[in-house]
Amino acid sequence: MPITSDPAPAARGLGTTDAATSAIEIHGIGKRYQITTAVRPVYDRLGESLIRGFRRLFGTPGDGAVNSKIIWALKNVDLSIQRGDVVGLIGRNGAGKSTLLKILSRITDPTEGYALMRGRVGSLLEVGTGFHPDLTGIENIFMNGAILGMRRAEVRRKLDEIIAFAEIEKFAQTPVKFYSSGMYVRLAFSVAAHNEPDVLLVDEVLAVGDAAFQQKCLGKLGEVASHGRTVVFVSHSMSAITRLCNRGVVLEAGAIHFDGSVNDAARRYNELVFGGDQSAGGRLPHVLYQEGTPDHHDFAITRIELLTTSSQPMPVVHTWDDLVLRFHFRARQHVRRGGIHIELRTAEGNKVLELSTQPIANVPMAITPGEHHADLRIRRLPLAAGDYLLSAGLVIPKVEWLWQMPDLAGLTVHPRDIYDSGLPPALPSTAVAVDHEWRI
């Protein structure tokens with residue numbers, strides 16, 4: 001079996017020390033997907049049947065044609081994680097992080113290789129899986145707890161704590177179909193987080209929920225780690241990774257790019273984000289972010305462009321440049337009063353800039369179903385030279401996040417000697433370049 005419990009480690013050639021201390025052993029894991037697209041539809045319409053008959057009559061190609069493509073999401077991954085390690089698994093979109101966690105969670109099997117897991121395994125991959133909309137919050141707690149492997153007595157013992165953590169005391173007896181998306185995610189995370197596995201696998205589950213609840217979730221994960229349990233944490237937020245983890249593993253193109261201290265891993269990740277080939281995969285130099293495979297969320301930012309004030313591509317930005325950030329976003333539902341919120345942080349996680357349509361700028365914005373874009377015009381960008389991380393989200397102001405992605409894109413600001421001093425302001429000495437004047 002590709003994923004197994006501990007079957008006599010010594011018999012597999014593993015040293016007794018490794019067997020006693022390792023919680024996860026990954027040997028030569030590879031995952032291959034075959035993407036096949038058939039031109040012929042499964043369900044025919046009259047027009048499609050007529051077209052296919054025409055092709056058969058005149059011998060034209062296309063009827064029943066199949067396009068097939070092989071993609072390796074992971075290739076020859078070897079990794080050993082010790083008991084008590086808190087490992088940050090980081091990498092760009094499509095690097096293979098979620099695929100690896102799904103293999104370890106037994107959601108999918110590897111194409112090659114195997115993994116050995118020791119102890120009880122819990123996963124926080126897609127919170128809320130298994131919730132029934134017609135059941136109340138409490139009923140879903142018991143049902144979801146059973147799915148996660150919790151005994152009924154264990155759920156009953158933790159019931160009040162789960163409800164309090166999710167902040168749904170007034171709605172515990174209400175069917176979850178009446179919950180807001182924030183309430184739904186809070187409850188789902190709370191149930192999964194109060195499971196007590198030996199190994200906890202956590203994907204980017206904090207993309208929704210308000211900022212206060214996100215901090216509570218990170219605190220809960222830190223509490224789990226402090227009790228000596230093994231945690232594998234996938235996130236694009238380097239501030240969360242460096243706060244929680246003692247080790248970092250960087251994946252790139254399905255292979256391990258770096259494995260070492262969490263601070264060194266964060267630096268390697270930033271090098272990939274800032275210093276990689278921006279034109280790879282169809283990305284242009286002025287495109288800060290491009291959605292890969294569309295996700296399942298009802299709301300999402302799909303593309304971020306860096307433009308001049310005349311809407312031309314701007315591949316390079318300097319301190320005090322005028323610029324436009326164009327946010328393309330998708331919505332499947334209508335929101336009467338929504339907004340866009342962004343933050344810019346240094347690579348160390350220090351916030352230097354926060355902007356939003358409302359309430360900060362107080363610009364009314366309704367979100368309607370479809371594809372849209374909004375432009376943020378910044379005059380005289382007040383950032384010193386250096387590398388910054390851009391977080392962005394769609395939000396109902398002061399209520400909840402509709403969609404949020406920490407450290408979504410990288411922005412490099414190039415130096416300019418704005419003070420004519422021979423010393424252009426730059427990180428790490430300062431992050432802010434203020435237009436000012438001295439009088440002595």
Side-chain angles (χ1 to χ4, degrees), residues 92-95 207 236-238 269-295 297-332 335 338-347 351-358 360-361 363 365-395 401-416:
R92 294 188 285 188
N93 290 332
H236 287 95
S237 172
M238 292 305 101
Y269 171 75
N270 289 332
E271 289 173 3
L272 289 173
V273 172
F274 295 116
D277 181 6
Q278 296 295 304
S279 62
R283 280 186 56 186
L284 300 173
H286 73 287
V287 177
L288 302 182
Y289 169 72
Q290 177 71 55
E291 182 184 51
T293 303
D295 59 33
H297 292 103
D298 289 336
F299 304 89
I301 291 175
T302 58
R303 181 179 171 97
I304 303 176
E305 294 181 277
L306 180 62
L307 306 174
T308 66
T309 53
S310 57
S311 296
Q312 298 301 309
M314 188 177 189
V316 178
V317 61
H318 296 81
T319 302
W320 282 11
D321 270 349
D322 294 339
L323 58 91
V324 171
L325 288 173
R326 176 164 291 175
F327 295 88
H328 298 260
F329 60 96
R330 175 186 68 247
R332 298 191 179 104
V335 175
I340 297 177
H341 183 97
I342 74 163
E343 295 178 357
L344 277 167
R345 300 177 184 270
T346 64
K351 183 166 65 175
V352 295
L353 192 62
E354 181 178 3
L355 301 170
S356 70
T357 53
Q358 55 175 336
I360 295 176
V363 176
M365 175 180 168
I367 299 177
T368 58
E371 303 279 345
H372 310 280
H373 76 263
D375 288 349
L376 169 62
R377 183 183 295 259
I378 300 178
R379 299 176 181 86
R380 294 169 69 86
L381 181 71
L383 295 180
D387 292 332
Y388 299 86
L389 294 169
L390 173 66
S391 300
L394 300 173
V395 66
W401 289 102
L402 301 170
W403 181 93
Q404 185 196 34
M405 186 63 71
D407 302 345
L408 182 64
L411 175 66
T412 297
V413 179
H414 292 266
R416 172 176 287 156

*Give the C-alpha distance, both sets of side-chain angles, the deciding distance and a yes or no for side chain to side chain contact (heavy atoms under 4.5 Å, CB included) between R416 and D321.*
CA-CA 10 Å; R416 172 176 287 156; D321 270 349; 2.8 Å; yes

*Return yes if some donor-acceptor pair links the side-chain N/O of S391 with the main-chain N/O of D407 below 3.5 Å, else return no.*
yes

*Quick check: does any side chain N or O of R330 sit under 3.5 Å from a backbone N or O of A300, one acting as donor and the other as acceptor?*
no

*Name all residues meeting the side chain to side chain contact (heavy atoms under 4.5 Å, CB included) criterion together with P415; count only those two or more places apart in sequence or in a different chain, and write none if there are none.*
A385, P424

*asked:* For L353, give me all partners under side chain to side chain contact (heavy atoms under 4.5 Å, CB included), at least two apart in sequence or on another chain.
replied: L344, L355

Nearest-0.5 Å distance, [atom1] of residue [X] to [atom2] of residue [Y]:
X: L323; Y: L307; atom1: CG; atom2: CG; result: 9.0 Å
X: T412; Y: L383; atom1: OG1; atom2: CG; result: 11.5 Å
X: E305; Y: Q312; atom1: CD; atom2: CD; result: 11.0 Å
X: I367; Y: H372; atom1: CD1; atom2: NE2; result: 8.5 Å

Do [X] and [Y] have side chains that approach each other closer than 4.5 Å (heavy atoms only, starting at C-beta)?
X: L408; Y: I342; answer: no
X: V395; Y: Q404; answer: no
X: I301; Y: L394; answer: yes
X: Y289; Y: L390; answer: no
X: I340; Y: L376; answer: no

*Any Lys/Arg nitrogen of D375 or R326 sitting under 4.0 Å from an Asp/Glu carboxylate oxygen of the other?*
yes

*asked:* Would F299 and V335 count as a side chain to side chain contact (heavy atoms under 4.5 Å, CB included) here? Give the steps.
replied: CA-CA 10 Å; F299 304 89; V335 175; 3.5 Å; yes

Check [X] against [Y] and note the closest heavy-atom contact, atom names and distance.
X: K351; Y: R345; value: CB-NH1, 3.6 Å
X: A374; Y: F329; value: N-CE2, 4.1 Å
X: W320; Y: P382; value: CD1-CA, 4.4 Å
X: Q358; Y: G338; value: NE2-O, 2.8 Å

*List the steps, then state whether side chain to side chain contact (heavy atoms under 4.5 Å, CB included) holds for L411 with L306.*
CA-CA 9 Å; L411 175 66; L306 180 62; 4.2 Å; yes

*Among Q290, E291, H373, E371, which one satisfies side chain to side chain donor-acceptor pair (under 3.5 Å) with R303?*
Q290

*For the residue pair H341 and W401, categorise the inter-ring angle as parallel (less than 30°), tilted (30 to 60°) or perpendicular (more than 60°).*
perpendicular

*Partners passing side chain to side chain donor-acceptor pair (under 3.5 Å) against H414 (at least two apart in sequence or in another chain)*: none

